[in-house]
Amino acid sequence: LSMSDCHAYYSGPIPEKQYHFSDKAYSMAQISGDMVEGLDCPVGASFLQSAMWIQFFGNGTSRSDPSQARGFKLACVFESNGYEGSSWRHTQLLNRQVSGRPKRMLVIRAIGTVGNYDYITEVFLGEDGGIQVREAFAGYPEIDRLYEVSRPPNWGSIVHADSGPRGHLVQNLHSHYCAFKVDLDILGTANEFQVTKLRYQNATSPRSVGQKVQETQRIVKEDPNMEFVATAQAPGIWHIVNAKAQNRRNGAPRGYAVVVGSAPSVNRYSKSHPYAASATFARRHLAVAKRKEQESAATSVTDFYPVAEPLLSVDRFLSDRESLIGEDLVCWVSIGKEHVARAEDQPLISNFAVDFSLLPWNYHEQNPEMVLAMAGKGPETWISATELRR
């Protein structure tokens, strides 16, 4: 599991002034600062160091010299304290006895600064084997100036009005998309990709009514035209399974599901747009490809500017249309958000985040956290219906 890149796409006063950033080109680390105990991580967390070899000086110059590298706190690891709520909980109806288990997770958090934005990358390891990946954005967006306003700009939001010589400050409409490489080996490398679709089935007779049904299919081969996007209009489940490893309890193939969480935005640039070729990962939430050593990342730092033939591209990974049955598979997961500015984004934004999860899907025979110690205590005596009505 690794972050592959993050891109930012900004609108402009005219189409020729729109621009984008490949944040990997800024190293995602070399212009960062030490993580702060008590702010970025709880007191007592374990910090992991990395090497920093880019130095900045007071006169505005910088120097890149690996021989002068120093250590800095890039990441931290800690166990959550259970304040996130419960991982499971239930109230028995007859005696109102409450039982459950506080949600505890191992948290890995890293922060990379790329200039105006800080990227807060978090991985939460749950006791049930589930993994949540969360990307939070902090800092400030790019700002443009607008001197005359005949109508509100459609390429951004005025965040500070000034009809004087300084002009109005406009935060450009922009988006953030981050790509993650997820290499799931489900009980070996002979895996396959399955999609469960939920749909409404019409009534089969005049006296009947329609109902929801689920259908699962195997995705046989790679296809760059097959774009998996999480949407409320067509809900479903994407899962990587080992077809030969059946769950002993229900007979289903054991696996893990990829579930997109909050703010499921995708890049809607047309394929002919100058920025489209270098960020094909952002057109979809999920792409599944056969693992290859030469396909190590979703993008290349050399594909920063508009290019017709990028060195690395998710579309290219899928274009050879290789089999996905019984293969070592890689999931390219993209999560992103459009950022429409507001007055409260000044001078710094309130952090916002997007996330996805990797959930055990028929991997266990039951809820594995049910065998761990429980917490909670309900009423010790029976509560009558009369008392409840009060």
**Student:** Nearest 0.5 Å please: distance from the OG atom of Ser2 over to the NZ atom of Lys181.
**Tutor:**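 Reported value, rounded in 0.5 Å steps: 6.5 Å.
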**Student:** Checking Val123 against Leu1 for the side-chain contact (heavy atoms from CB on, under 4.5 Å) test, could you report, in this order, the C-alpha distance in whole Å, the side-chain angles of both residues, the deciding distance, and whether it holds?
**Tutor:** CA-CA 10 Å; Val123 177; Leu1 170 64; 4.1 Å; yes
**Student:** With rounding to the nearest 0.5 angstrom, report the CD to OG1 distance, Gln214 to Thr196.
**Tutor:** 6.5 Å
**Student:** Count I, L, V, M, F, W, Y as connected when their side-chain heavy atoms are under 4.5 Å apart, and connections chain through other members. Are Ile335 and Ile111 then in the same cluster?
**Tutor:**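 Ile335 does not cluster with Ile111.
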**Student:** Measure the shortest side-chain to side-chain distance between Leu173 and Trp155 over non-hydrogen atoms and say whether it is less than 4.5 angstrom.
**Tutor:**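 They are not in side-chain contact.
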**Student:** Taking atom CG of Asp23 and atom CG of Asp5, what is their separation to the nearest 0.5 Å?
**Tutor:**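 The distance works out to 7.0 Å.
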**Student:** Among the clusters formed by ILVMFWY side chains lying less than 4.5 Å apart, do Met35 and Tyr26 turn up in the same one?
**Tutor:**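 In one cluster with Met35: Tyr26, no.
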**Student:** Verify the ring-centre separation between Tyr9 and Tyr269: is it less than 6.0 angstrom?
**Tutor:** yes
**Student:** Ring centroid separation for Tyr117 and His176, is it under 6.0 angstrom?
**Tutor:**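 Centroid separation for Tyr117 and His176: below 6.0 Å.
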**Student:** For salt bridge (Lys or Arg N to Asp or Glu O under 4.0 Å), just list the numbers for Arg283 and Asp315, CA-CA rounded to whole Å, side-chain angles, deciding distance to a tenth of an Å, and then say yes or no.
**Tutor:** CA-CA 10 Å; Arg283 288 209 316 269; Asp315 267 9; 2.9 Å; yes
**Student:** Just how far is it from atom CG of Asp40 to atom CD of Glu37, taken to the nearest 0.5 Å?
**Tutor:**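 Here the interatomic distance stands at 10.5 Å.
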**Student:** Hey, which of Ile219, Val241, Asn242, Val220 is the one that makes side chain to side chain contact (heavy atoms under 4.5 Å, CB included) with Glu192?
**Tutor:** Val241
**Student:** Are any side-chain N or O atoms of Ser80 and backbone N or O atoms of Met105, one a donor and one an acceptor, separated by less than 3.5 Å?
**Tutor:** yes
**Student:** Salt bridge check, Glu122 against Arg109: does any charged N sit closer than 4.0 Å to a carboxylate O?
**Tutor:**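 Result for this pair is yes, salt bridge flagged.
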**Student:** Flag the pair Trp88 / Met370 as yes when at least one side-chain heavy-atom distance between them is below 4.5 Å, and no otherwise.
**Tutor:** yes
**Student:** Does the Ser157 side chain pair with the main chain of Val159, one donor and one acceptor, at a distance under 3.5 Å?
**Tutor:** no
**Student:** Where the side chain of Asn172 meets the backbone of Ser11, is there a donor-acceptor pair that is under 3.5 Å apart?
**Tutor:**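 Yes; at least one donor-acceptor contact below 3.5 Å.
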**Student:** Between Tyr363 and Ile186, is any pair of side-chain heavy atoms under 4.5 Å apart?
**Tutor:**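 Sidechains of Ile186 and Tyr363: in contact.
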**Student:** Can you check side-chain contact (heavy atoms from CB on, under 4.5 Å) on Asp183 and Asp328, steps first, answer last?
**Tutor:** CA-CA 8 Å; Asp183 189 352; Asp328 188 0; 3.6 Å; yes
**Student:** Is there side-chain contact between Glu142 and His174, with at least one heavy-atom pair below 4.5 Å?
**Tutor:** no
**Student:** Tell me whether the count of non-hydrogen atoms from other residues, nucleotides or ligands lying under 6.0 Å of CZ in Arg218 goes above 12.
**Tutor:**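 Counting neighbours around CZ of Arg218, 12 or fewer heavy atoms of other residues, nucleotides or ligands fall under 6.0 Å, so no.
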**Student:** Please verify the inter-ring angle class for His285 with Trp238; under 30° counts as parallel, over 60° as perpendicular, anything in between as tilted.
**Tutor:**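 His285 and Trp238: tilted rings.
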**Student:** Thinking salt bridges, do Glu222 and Arg321 make one under a 4.0 Å N-O criterion?
**Tutor:** no
**Student:** When you compare the side chain of Ile143 with that of Gln346, does any pair of heavy atoms fall below 4.5 Å?
**Tutor:**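 In short, these two side chains touch, coming nearer than 4.5 Å.
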**Student:** Is there side-chain contact between Gln49 and Phe47, with heavy atoms separated by less than 4.5 Å?
**Tutor:**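 The answer is no; the side chains never approach within 4.5 Å.
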**Student:** Taking all atoms of both residues into account, what is the closest heavy-atom pair of Thr121 and Phe180, and its distance?
**Tutor:**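 So the minimum-distance heavy-atom pair works out to CG2-CE2, 4.3 Å.
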**Student:** Does a salt bridge link Glu84 with Arg104, judged by any charged N lying under 4.0 Å from a carboxylate O?
**Tutor:**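 Between Arg104 and Glu84 there is no salt bridge, as every charged N stays at least 4.0 Å from the carboxylate O atoms.
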**Student:** Have a look at Glu322 and tell me which of Lys292, Arg291, Lys221 forms a salt bridge (charged side-chain N to carboxylate O under 4.0 Å, His left out) with it.
**Tutor:**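 Filter result, single survivor: Lys292.
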**Student:** With rounding to the nearest 0.5 Å, note down the distance linking OG in Ser4 to CE in Met28.
**Tutor:** 10.5 Å
**Student:** Evaluate the criterion side-chain contact (heavy atoms from CB on, under 4.5 Å) for residue pair Ile237 and Trp361; output intermediate values, then yes/no.
**Tutor:** CA-CA 10 Å; Ile237 306 295; Trp361 208 264; 3.9 Å; yes
**Student:** I'd like to know if the side chain of Asn116 reaches the main chain of Tyr140, judged simply by a donor and an acceptor atom lying under 3.5 Å from each other, with no hydrogens or angles considered.
**Tutor:** yes
**Student:** Within the side chain of Asn247, is there an N or O that forms a donor-acceptor pair under 3.5 Å with the backbone of His364?
**Tutor:**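 Looks like yes, one N/O pair under 3.5 Å.
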**Student:** A side-chain contact here means heavy atoms from C-beta on lying under 4.5 Å apart; do Asn351 and Ile120 qualify?
**Tutor:** yes
**Student:** Applying the ring pair (Phe, Tyr, Trp, His ring centres under 6.0 Å) criterion to His7, which one of Tyr275, Tyr177, Phe281, Phe21 satisfies it?
**Tutor:** Phe281
**Student:** Taking the ring of His339 and the ring of Phe352, is the distance between their centroids below 6.0 Å?
**Tutor:**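 Centroid distance Phe352-His339: below 6.0 Å, so yes.
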**Student:** Using the side-chain contact (heavy atoms from CB on, under 4.5 Å) rule, take Val314 and Arg284 through it: C-alpha gap first, then chi angles, then the decisive distance, then the call.
**Tutor:** CA-CA 10 Å; Val314 170; Arg284 47 175 70 88; 3.7 Å; yes
**Student:** May I ask you to say whether Glu365 pairs ionically with Arg248, meaning some side-chain N is under 4.0 Å from a carboxylate O?
**Tutor:**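 A salt bridge is present here (some side-chain N lies under 4.0 Å from a carboxylate O).
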**Student:** For the pair Ser300 (side chain) and Thr302 (backbone), establish whether a donor and an acceptor sit closer than 3.5 Å, ignoring hydrogens and angles.
**Tutor:**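 It does hold such a pair.
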**Student:** Is the CH2 atom of Trp53 crowded by more than 12 outside heavy atoms at less than 6.0 Å?
**Tutor:**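 Atom CH2 in Trp53 is not packed in, count stays at 12 or less.
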